[in-house]
Amino acid sequence: MDAYELIMRNAEEVVTDEEVRELAADPAGKRAYVGYEPSGVLHLGHLLTANKLIDLQDAGLEVVVLLADVHAYLNGKGTFEEIRETAEQMKAQFIAYGLDEDSAEFVYGSEFQLDEEYTLDLHTLELETTLNRAQRAMAEIQGGDTAKVSHVVYPLMQTLDIEYLDLDLAVGGIDQRKVHMLAREELPELGYDVRPALHTPIVADLTTGEGKMSSSDGVTISMEDSTEELEEKVNSAFCPPTADPEGDLENPVLELFEYHVFPRFSEIVVERPDEYGGNISYERYEALEADLESGELHPADAKGTLASYLDELIEPGRQKLREIRS
Ligand code: NAL
């Protein structure tokens, strides 16, 4: 794959394609980031954007991981001390997952977001932005309860970070798109450049195929799951024999293969006894999808294979968590 194809793999949306093509044409020294509100345990939602960072590294970009401690504080995730501690744990799990410390830069938000210049720029943005606009940007991020003043400051800081971390590409789940659109509108108001954004899909809830899989609602797989728990979750997942079931439903088993397994392994082997057709190996996601649709691959075999590859992916992070906690 060339740089453009690597950048675009499994992206749900880029804004704009032309800007991303320009970046792909000359990736050396260009910086891309993902920001995460620290949480003690990584789940597949975090790993989906981490996979994108690995693609971007392979495409020749520098990647920056923002451990957004101040943002988590603004979003009511605990005391600052608790958040700092979970940020440390998160960083250790990302490194265990494969984001190399020598090639990925880890930055705590609090390292620069409390500086005088940043704070004054933030107040300028506060003056420039209507409450309504900032609240809309946060609609998919804020955790449901009554909006606080902190919730409208949050997207403005995310906007400024793109400038202060000297980034050339902002990456996030599709739930971040309104913040990135706000950033594209507002950065020029401060005399800063507009940057392209890349949004990854969000995997549907495992058991229903509806909405999104996250730790807050529904079932997700995390670095905390034992092999048995992981197998149990995957085995009870919704897996109709098509990638596009009726209505708003998705096939989460196929989504996990597409977004989590195929990007990290060059060959996937489904192990089957000879009487059930013997082993099948896949180098491309599309071939596996086609076999599930045609009935050549049984959902139970797809699930067993998915569970074992996911288990391999989370094993280093699981071990790291055990170390941290012992
Ligand atoms: C992502 C988050 C928080 C702050 C950021 C700052 C700059 C770039 C990205 C950032 C976390 C994200 C979430 N808003 O909902 O997890």
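Atoms within each ligand, like the ligands themselves, are counted from 1 in listed order.
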Identify whether the distance between the nearest side-chain nitrogen and carboxylate oxygen of [X] and [Y] falls below 4.0 Å.
X      : Y      : answer
Glu82  : Lys77  : no
Glu323 : Lys320 : yes
Glu312 : Arg264 : no

[atom]: the protein heavy-atom neighbour that sits closest, reported with distance to 0.1 Å:
atom                   : answer
atom 8 (C) of ligand 1 : Tyr33 CE1, 2.6 Å
atom 6 (C) of ligand 1 : Asp161 OD2, 3.0 Å
atom 5 (C) of ligand 1 : Gln158 CG, 3.4 Å

Side-chain donor-acceptor pair under 3.5 Å between [X] and [Y], yes or no?
X      : Y      : answer
Gln158 : Gln176 : yes
Asp121 : Thr119 : no
Thr49  : Tyr36  : yes

Atoms of ligand 1 close to [X] [distance to a heavy atom under 4.0 angstrom, numbered from 1]:
X      : value
Gln176 : 12 (C), 13 (C), 14 (N), 15 (O)
Ala68  : 3 (C), 4 (C)
Leu66  : 5 (C), 6 (C), 7 (C)
Ile141 : 14 (N), 15 (O)

Considering both backbone and side-chain atoms of Tyr154, is one of its nitrogen or oxygen atoms within less than 3.5 Å of a nitrogen or oxygen in ligand 1?
yes
